[in-house]
Number of protein chains: 2
Amino acid sequence: MKPIKAEIIAIGDELLYGQIIDTNSHWISQELDLLGVRVVRRTTVGDNREDILESFAKAEERADLILITGGLGPTQDDLTKPLLAEYFGCGIVENKEAVAAVTSFFQRRGREMTPLNILQGHLPECCTYVPNEVGTAPGMWFERNGTYWMSMPGVPHEMKKLIKDFVIPKLPEIFELPVIAHQVIKTVGIGESWLADLIRDWENALPSHIRLAYLPSLGHVKLRLTGFGTDRKKIEQEIQNQIDLVLPTIESYVYGYNEETLETAIGKLLKKSNKTLALAESCSGGYISHLITSIPGSSAYFQGAVVPYHNQFKEEIIGVKAETLLEFGAVSEQTVIEMATGVKTLFKSNFGLASSGIAGPDGGTEEKPVGTIWIACAGDSFVETKKLRLTQDRMLNIQLTAVAVLNLFRICFSKK
Amino acid sequence: MKPIKAEIIAIGDELLYGQIIDTNSHWISQELDLLGVRVVRRTTVGDNREDILESFAKAEERADLILITGGLGPTQDDLTKPLLAEYFGCGIVENKEAVAAVTSFFQRRGREMTPLNILQGHLPECCTYVPNEVGTAPGMWFERNGTYWMSMPGVPHEMKKLIKDFVIPKLPEIFELPVIAHQVIKTVGIGESWLADLIRDWENALPSHIRLAYLPSLGHVKLRLTGFGTDRKKIEQEIQNQIDLVLPTIESYVYGYNEETLETAIGKLLKKSNKTLALAESCSGGYISHLITSIPGSSAYFQGAVVPYHNQFKEEIIGVKAETLLEFGAVSEQTVIEMATGVKTLFKSNFGLASSGIAGPDGGTEEKPVGTIWIACAGDSFVETKKLRLTQDRMLNIQLTAVAVLNLFRICFSKK
């Protein structure tokens, strides 16, 4: 089967001048990749007639599918629509359906319409009108000589809805898509090269129609398995068999699959067992609490957090002993143990987690340099601790501490 | 003066397949824009010989400056170096300086070197070697017929250092750069269109060599003034005069200039006046504490935070009265006032800030729908409150609440 080639063209001076970051092209790349459509080029051009027309012509030479974002506003510097009409050699005419849609959009929001807005319902005669339910600039679909074109607004949530509701369902009608299946294994607490070492034999023995990708991010590595074939059920089963094969080797690092995050995985564990959690965050400064409370429904298992940014409050609010702070200092195993058990008592929770360290850039000593961080997890009958040696970068230290604390909890929970 | 045209070429399959987001092109665009260099196109191509060579040829036709990122790893799928050599028609030879640099890089880190790593010190004969102090792949500078080329690794912090240390200082030597100056006014608490309405007369009266850009982001709008001319001092003075002109109209929304953030601005206010702050975060879940503690040195003015995720802890830890919670509920002006004053007492701080609301997606009622959030700021002799009506989106509600709370503090502080 011939691979389907796609190109993405993003239009707008505001992109080239760095006033807006183009997250659209990345998102479209990801969506097409999941379907087995190959993006062969991404181009960003400004609001300039010659550049836009040239990018159309070049893309048509190379691609089967061309996705265009931006340049569809109602003002004069938005050129995409007139240039598409010019390129395909047709006029722009009123599209009754499109005018009705934009009119109703303004009515629903109780906003006044200008003559410019009505013009958003005028479209090239040679395109198929694609309704945009969440914005005023419609999608436009073109076909010529086996190449398919979709023009969409640059506003991310409008573009995404058009891709999901129209383009993706359209693809199997116009292309012979490969049958493709994915599973993503989420790991934490092991670096990419160590993980690769661990699973080398398994990776080398993968059949050629199942591919592995390492997708590293801060403190995490995702393993993505992609299977190609003709029978979806069969591929999915083959991928599952491969996961079953590798799992015993890496099980202790695996916290979930696909869309799962460390926060949702931990939420699941707690919810299922009807247990609760509280946090004492010194160097992580509230970031772990933020991660946990970002998950809808977290109030079912999250009791709360204290950020005791000075020793006095570690004592007064959480109950760390003055002697402990005096003898061992705030950044010590002893202190972080008393923080975890203290916050567990304060919030009457089943588990208490704590962090204390030197996030930097200042405050390091020879004995405890910047990046020295102690973390702890306390349950009813145990406390586990870990000393981290992180970086010179404050924000990185905060983020890596959060991952380490959540992972420590995951490990402790599984043992108890 | 002829505008200087730049193009950015990002190379790598991992970009096209959506495995890595290309933040480099955006960052380079911003940097060049500040210097008055115009980016006319950005292209992303895969690890494919023909595509890369074609992108080089097309860029050379159009641009004065070509910046290439990626494709410089030591493995076989990294093609940038051999293709640059081919394109410029020269061989790849050992560069003693580059080999020494990569060797010392590995030595400093105590890591073993492979033969592949040594090859990273072999470079096209026709390029100028540009040392990369923070990575193993060197920068390469080419010049031909008045077009200048820089090839850099795709790792963002390596690329940024090469741009800052080498490319930017180089530009005034090879181009006649426009004399250009910028000032960014940071505003909060007013939407883009309202702000535009407020300053319309001033904007329309701006001289043609001073341009205004609105750069909106979550809860904020930046106003960037860019001045062009021949005498930097004079332009800077003209921009300052324009700021002085507009400031009386918008002063209550302005929290800072240029790199300043709302968090750093607040930190400055507190530090200068030797005052301290504490937080009681219910619906914002620790996010405001995270923002404040992300700033180096925040322990000088930040006492700490409590995230009391259940009514019981609002009572027990912060001292909200049971009757208040019973009569008015957790999401009420009365509760949020007691949270702000309570946390101020608990942490013995000069100011207490509080949030309580329904972040969603569940938990809304007819009377208090999702997005209803109360915030408060308490000082020694006052409490100010505000009711927010935000969105259906949990994460957006958390982020917008944080901006509103920090802004409420800024306003209260200036009044007292």
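Note on naming: letters A, B, ... go to the chains in the order of the sequence lines (proteins, then strands), and numbering restarts at 1 for each one.
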In terms of heavy-atom pairs under 4.5 Å with chain A, which of [options] leads?
options                        : value
B:R38, B:E31, B:E14, B:K222    : B:R38
B:Q30, B:Q303, B:E316          : B:Q303
B:G286, B:G46, B:P361          : B:G286
B:A278, B:G304, B:G285, B:G360 : B:G285

Tell me, for [X] versus chain A, whether the close heavy atoms (under 4.5 Å) come from the side chain, the backbone, both or neither.
X      : answer
B:L215 : side chain
B:R41  : both
B:A10  : neither
B:I292 : neither
B:P308 : backbone
B:F313 : side chain
B:L346 : both
B:D51  : both

Original post:
Does the side chain of B:S298 reach to within under 4.5 Å of the side chain of A:Y309, using non-hydrogen atoms?
Top reply: yes
Original post:
Would you say the side chain of B:R42 lies within less than 4.5 Å of the side chain of A:R42, judging by non-hydrogen atoms?
Top reply: no
**OP:** Select one option (side chain, backbone, both, neither) describing which atoms of A:I295 are under 4.5 Å from chain B's heavy atoms.
**Re:** backbone
Original post:
Under a 4.5 Å heavy-atom cut-off, does chain B meet the side chain of A:A213, its backbone, both or neither?
Top reply: side chain
Original post:
At their closest point, which heavy atom of A:M395 faces which heavy atom of B:S294, and how far apart are they?
Top reply: CE-OG, 3.3 Å
**OP:** Quick one: closest heavy-atom pair of B:S29 and A:L15, and the distance?
**Re:** OG-O, 4.0 Å
Original post:
Within the side chain of B:H310, is there an N or O that forms a donor-acceptor pair under 3.5 Å with the backbone of A:S299?
Top reply: yes
Winner by heavy-atom pair count (cut-off under 4.5 Å) against chain B, out of [options]:
options                        : answer
A:A305, A:S284, A:S25          : A:A305
A:V45, A:I21, A:V306           : A:I21
A:D362, A:I317, A:I398, A:L291 : A:I317
A:T43, A:N48, A:N397           : A:T43

**OP:** Inspect the contact between A:R62 and B:E50 and indicate whether a charged nitrogen and a carboxylate oxygen are less than 4.0 angstrom apart.
**Re:** no
**OP:** Check the pair A:T293, B:E281 against side-chain contact (heavy atoms from CB on, under 4.5 Å), reporting the backbone distance first and the verdict last.
**Re:** CA-CA 11 Å; A:T293 57; B:E281 294 196 64; over 6 Å; no
**OP:** Using the side-chain contact (heavy atoms from CB on, under 4.5 Å) rule, take A:Q19 and B:R224 through it: C-alpha gap first, then chi angles, then the decisive distance, then the call.
**Re:** CA-CA 10 Å; A:Q19 293 175 1; B:R224 192 178 62 186; 3.3 Å; yes
**OP:** Evaluate whether atom NZ of B:K348 has more than 12 neighbouring non-hydrogen atoms of other residues, nucleotides or ligands under 6.0 angstrom away.
**Re:** yes
**OP:** Please step through side-chain contact (heavy atoms from CB on, under 4.5 Å) for the pair A:Y17 and B:L32, ending with a clear verdict.
**Re:** CA-CA 8 Å; A:Y17 300 170; B:L32 293 182; over 6 Å; no
Original post:
Do the ring planes of B:H290 and A:H290 sit parallel (below 30°), tilted (30 to 60°) or perpendicular (above 60°)?
Top reply: parallel
**OP:** Can you measure from CG (A:L16) to CD1 (B:I28) and round to the nearest 0.5 angstrom?
**Re:** 12.5 Å
Subject >> Point-to-point distance, once rounded to the nearest 0.5 Å, from OG1 of B:T44 to CD of A:E7 >> reply: 11.0 Å
